[in-house]
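Contents: one structure, followed by commentary.
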2 protein chains.
Amino acid sequence: MSDLLERLRGRGWRMTSQRRVVAEVLDGDHVHLTADEVHARAAARLPEISRATVYNTLGELVVLGEVSEVATDGRAKRYDPNGHTPHQHLVCSGCGSIRDVRPTGNLLAGLPQEERFGFTLSAVEVTYRGLCPDCA
Amino acid sequence: MSDLLERLRGRGWRMTSQRRVVAEVLDGDHVHLTADEVHARAAARLPEISRATVYNTLGELVVLGEVSEVATDGRAKRYDPNGHTPHQHLVCSGCGSIRDVRPTGNLLAGLPQEERFGFTLSAVEVTYRGLCPDCA
DNA sequence: TTCTTGACTTGGACTCCGTCCATCGTAGGA
DNA sequence: TCCTACGATGGACGGAGTCCAAGTCAAGAA
């Protein structure tokens, strides 16, 4: 994610300390923080950062394709920095933990023509549910 | 859905006019109403029905497996009365309309063992996205 | 280096969705 | 018909997210 800052600068982003901190907080694999969690971690480094700025920055990262939104429960959206490698999610029904996973095969192909109702398909989102080793 | 009322009575449900109206509003295929939409339609027949009652009744129907919750966008949950036949959803990225669809094959099988992280899988939810004929 | 400006940040008000709770009403058994 | 426990009511509340007017500052210009 270190080169994320470079990519953003290349896209004409004004580089502010707030945006830098938000991007740093989202660094890593299997990271799926809510906006409030991002805000809390960012505020640990930059106490004055506001919730509105975190929401703004996350929204911009989503538009740029650097981060994707994940809504696995009815609660707050989570933000997944793994935006460049297509993947799906595996969610523990017990503790709610989330792993990034890569199913095999063409997921779009699973929907037969007569079940497409004339739609032009463009994407599939899959959420696998189960119990993690700790909760099983 | 007409026999839904019978099933509910058989489960010991006290049959009130409010519950009857909520169940009737949810009748049909490809019905995916938000709680507020259910409330609005129910209130057209039973003006005094409260939001809390609609939420309570929907929640009970979900627990009974008669209705499933669908969260395709970050907005309000939608309620799908097609609770007895397993299916997935096809969502139009333009207008947000939703169709029930039945993909072929075993969806769980698409996730290889080494991508399961020791989880015990129990369910898969798939959301296909694309443009409907009207929006294309 | 300093200046300038428009993009960015702030924080508080606001909306939307959903839950909670004390009180009232009523379905259905005795 | 009466009783009572289950269900309905509606208003307060809480969490998540958006909006906006005012203030701040990154970065290009001079």
Side-chain angles (χ1 to χ4, degrees), chain A residues 5-25 32-64 66-80 96, chain B residues 4-6 8-25 32-64 66-80 96:
Chain A
L5 296 177
E6 291 313 311
R7 284 203 298 280
L8 296 176
R9 199 189 305 272
R11 301 214 205 199
W13 254 34
R14 182 178 286 189
M15 196 47 56
T16 67
S17 55
Q18 292 86 349
R19 286 171 166 185
R20 204 185 324 270
V21 166
V22 168
E24 285 169 4
V25 162
H32 305 90
L33 300 172
T34 65
D36 267 0
E37 287 165 353
V38 171
H39 178 241
R41 297 192 186 195
R45 306 191 199 181
L46 193 65
E48 331 75 47
I49 192 170
S50 73
R51 283 193 337 125
T53 295
V54 170
Y55 275 105
N56 287 340
T57 306
L58 290 173
E60 289 156 2
L61 289 170
V62 169
V63 168
L64 292 176
E66 297 287 349
V67 163
S68 60
E69 292 179 337
V70 188
T72 54
D73 55 3
R75 330 279 301 150
K77 286 179 198 160
R78 294 183 172 274
Y79 292 87
D80 182 343
Chain B
L4 167 61
L5 297 177
E6 291 312 313
L8 296 176
R9 200 190 304 270
R11 301 214 205 199
W13 253 34
R14 181 178 289 188
M15 195 48 56
T16 68
S17 55
Q18 292 86 348
R19 285 172 165 184
R20 203 186 324 271
V21 166
V22 168
E24 286 168 4
V25 163
H32 304 91
L33 300 172
T34 65
D36 267 359
E37 288 165 351
V38 171
H39 179 243
R41 297 191 186 196
R45 306 192 200 181
L46 194 66
E48 331 77 45
I49 193 172
S50 73
R51 282 191 340 124
T53 296
V54 170
Y55 275 105
N56 286 341
T57 305
L58 289 172
E60 289 156 1
L61 289 170
V62 168
V63 168
L64 292 177
E66 298 286 349
V67 163
S68 59
E69 293 179 336
V70 188
T72 55
D73 55 4
R75 330 280 300 149
K77 285 180 200 161
R78 294 183 173 272
Y79 292 86
D80 182 342

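So that the names make sense, note that chain A is the first sequence line, chain B the second, and so on, each numbered from 1. Fair warning: this is a prediction, and the values are worked out from it, not measured in the lab. These values consider heavy atoms only, across backbone and side chains, with no hydrogens, waters or symmetry-generated copies.
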Seminar exercise, completed: CG of L61(B) to CH2 of W13(B), rounded to nearest 0.5 Å, is 4.5 Å
Exercise. To the nearest Å, how far apart are R11(B) CZ and dC6(D) P?
Worked result: 18 Å
Problem set entry | Residues which pass side chain to side chain contact (heavy atoms under 4.5 Å, CB included) with A35(B), listed by chain and number, not counting sequence neighbours | Y55(B), L58(B), Y79(B)
For this session: Just grab all the salt bridge (charged side-chain N to carboxylate O under 4.0 Å, His left out) pairs involving residues 49-60 of chain A, residues at least two apart or on different chains.
Result: R19(A)-E60(A), D36(A)-R51(A)
Exercise. Residues two or more places apart in sequence or in another chain: which of them pass salt bridge (Lys or Arg N to Asp or Glu O under 4.0 Å) with R75(B)?
Worked result: none
Exercise. What string of B, S and - do you get for nucleotides 18-29 of chain D, 5' to 3', when a contact is any protein heavy atom under 4.0 Å?
Worked result: BB-----BBS--
Exercise. How large an angle, rounded to 10°, do the end axes of the helix from dT1(C)-dA30(D) to dA30(C)-dT1(D) enclose when each is built from five base pairs?
Worked result: 20°
Exercise. Who pairs with R14(B) by side chain to side chain donor-acceptor pair (under 3.5 Å), at least two apart in sequence or on another chain?
Worked result: none
For this session: Just jot down the ring-ring contact (aromatic ring centres under 6.0 Å, His included) partners of H32(A), sequence neighbours excluded, or say none.
Result: H89(A)
Exercise. Going 5' to 3' on DNA chain C, which nucleotide is the first and which the last to come under 4.0 Å of a heavy atom in chain B?
Worked result: dC17(C) to dG28(C)
For this session: Would you please name every residue forming a side chain to side chain donor-acceptor pair (under 3.5 Å) with R20(A), sequence neighbours left out?
Result: none
Seminar exercise, completed: Sorted by chain and residue number, the salt bridge (Lys or Arg N to Asp or Glu O under 4.0 Å) partners of R45(B) (sequence neighbours excluded) come out as E24(B)
Problem set entry | S68(A): partners by side chain to side chain donor-acceptor pair (under 3.5 Å), with sequence neighbours left out | none
Seminar exercise, completed: For T72(B), the side chain to side chain donor-acceptor pair (under 3.5 Å) test, sequence neighbours excluded, returns none
